[in-house]
Number of protein chains: 2
Amino acid sequence: MPRWLDDRESRVWRAYLALHTELHAVLERELAADSGLSLADYALLVPLSESPGGVVRARDLAVSVGWERSRLSHHLTRMQGRGLVVRETCPEDARGSMVRITPEGMATITAAAPSHVATVRRTFIDPLTEADLTALDDIYSRLRAALVEESEL
Amino acid sequence: MPRWLDDRESRVWRAYLALHTELHAVLERELAADSGLSLADYALLVPLSESPGGVVRARDLAVSVGWERSRLSHHLTRMQGRGLVVRETCPEDARGSMVRITPEGMATITAAAPSHVATVRRTFIDPLTEADLTALDDIYSRLRAALVEESEL
DNA sequence: CGACTTATGATGACACATCAACAAACTGCC
DNA sequence: GGCAGTTTGTTGATGTGTCATCATAAGTCG
């Protein structure tokens, strides 16, 4: 016998779902039109471009974007085909695989970032007040902590 | 020359992205294990099951879940193949297509809902305080309003 | 050392999402 | 009525995500 969601809870939950659907669509479209990248491409290129040397071990990359290894492997295969990244052998662990961003990949995300950030600002950050940002910072970290517990059961 | 995200803005944005990735994965997995439904199936079955008669016009269904028509059409084809819904002709508009939830579809979502709601509660609603809910209710409606403006440009 | 377990990453099959193109039918204006 | 433009829904191609499975290599412990 579950406790149902009351009106406000249900409204917040459905608003969250709808918000994500719409936000995702807008960002995906803008990024693709502007640079030919998908949000998934962008998500991978960010940690790669921020890493010193532009090289990250696949395992660590999976952790930093929160993906399953299979998804990462498939996506890297496609990105490698487009010349955005290359795979190299891992010196410390023969099972491992190092992922390196190519100069072309770096140029692509460098060119894409300003417009993408502007869209994030326009659609997400700018409508928020200082108090909203403070509240979300707290709320999101609490929710993520709850999810970590969840997965540790 | 874009205005970059400061530390807190960036943290909130990345937390939002990571939260969604994790939350989506947990809910998808739980729902699939429990009932064989995907979140997409569930999203469609909710408005169908809530509609009097269990029939909704495809166009309206697309609006209420925020999907493109193509996605809806493909997904309905698969759901119809699994016996969750059927398509019927639309009496008022010969182009149209009415979507009807089957008794099996109704039974499936009825069985799935309690456990799914419990997971939503555990991972999203319960970690929030009353003040959080009030804040999110306000923030999400403001963000969605901003997105509507965005798409009207 | 040697058997067992775990970690890492790749792969094939399948479900899903997006895009462009299409056919059919409604709308409105002349 | 008739034509232009729009709306509705479907389809096929292609890119993407998930699952189960696999091969290889590390780690663990007798």
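Note on naming: letters A, B, ... go to the chains in the order of the sequence lines (proteins, then strands), and numbering restarts at 1 for each one. The analysis underlying the following values was restricted to heavy atoms, covering all of them including side chains, and did not include hydrogens, waters or symmetry mates.
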Using atom names, set out every protein N or O paired with an N or O of nucleotides 25-27 of chain C below 3.5 Å, distance rounded to 0.1 Å.
{"unit_1": "dC26(C)", "atom_1": "OP1", "unit_2": "A94(B)", "atom_2": "N", "d": "2.6"}

Please write out the pairs of protein N or O atoms and N or O atoms of nucleotides 19-23 of chain D separated by less than 3.5 Å, giving the distance to one decimal.
{"unit_1": "dC19(D)", "atom_1": "N4", "unit_2": "S70(A)", "atom_2": "OG", "d": "2.5"}

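Nearest-nucleotide positions on DNA chain D place S97(B) closer to the 5' end than the other of A40(A) and S97(B).
A continuous path of hydrophobic side-chain contacts links L19(A) to L136(B) [ILVMFWY only; heavy atoms under 4.5 Å]. If you chain together hydrophobic residues whose side chains sit under 4.5 Å apart, L39(B) and V65(B) fall into the same group. The cluster map of Ile, Leu, Val, Met, Phe, Trp and Tyr, joined by side-chain heavy atoms under 4.5 Å apart, puts V86(A) and L48(A) in different clusters.
Separating the NE2 atom of H75(A) from the C1' atom of dG9(C) is a distance of 17 Å, rounded to the nearest angstrom. Nucleotide dG15(D) holds its C1' atom 21 Å from the OH atom of Y42(A), rounded to whole Å. As rounded to whole Å, 14 Å separates atom P of dT10(D) from atom CE of M79(B). Rounding to whole angstrom units, CD of residue E22(A) and P of dT18(C) are separated by 13 Å. Between the CH2 atom of W67(A) and the C1' atom of dT8(C) there is a distance of 18 Å, given to the nearest Å.
Contact check, R78(B) against dC14(C): no side-chain N or O comes under 4.0 Å of OP1 or OP2. Between R57(A) and dG9(C), a side-chain N or O to OP1/OP2 separation shorter than 4.0 Å is present. Look at R87(B) and you'll find a side-chain N or O under 4.0 angstrom from OP1 or OP2 of dT10(D). Here T77(B) does not reach the OP1 or OP2 of dT10(D): none of its side-chain N or O atoms lies under 4.0 Å away. For R59(A), no side-chain nitrogen or oxygen approaches OP1 or OP2 of dA7(C) to under 4.0 Å.
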Decide yes or no on salt bridge (Lys or Arg N to Asp or Glu O under 4.0 Å) for D93(A) and R59(A), but give the supporting numbers first.
CA-CA 11 Å; D93(A) 187 335; R59(A) 177 194 50 178; 5.7 Å; no
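Pairing each heavy atom of E9(B) with each of W4(B), the nearest pair is OE1-O, 4.0 Å. Nearest heavy-atom pair across T123(A) and T119(A) is OG1-O, 2.7 Å.
In this structure, CZ on R8(A) lies 9.5 Å from CD1 on I125(B), to the nearest 0.5 angstrom. From L133(B), atom CG reaches atom CG of D138(B) across 12.5 Å, with rounding to the nearest 0.5 Å.
Side-chain contact check for L27(A) versus Y42(A): every heavy-atom pair is 4.5 Å or farther apart.
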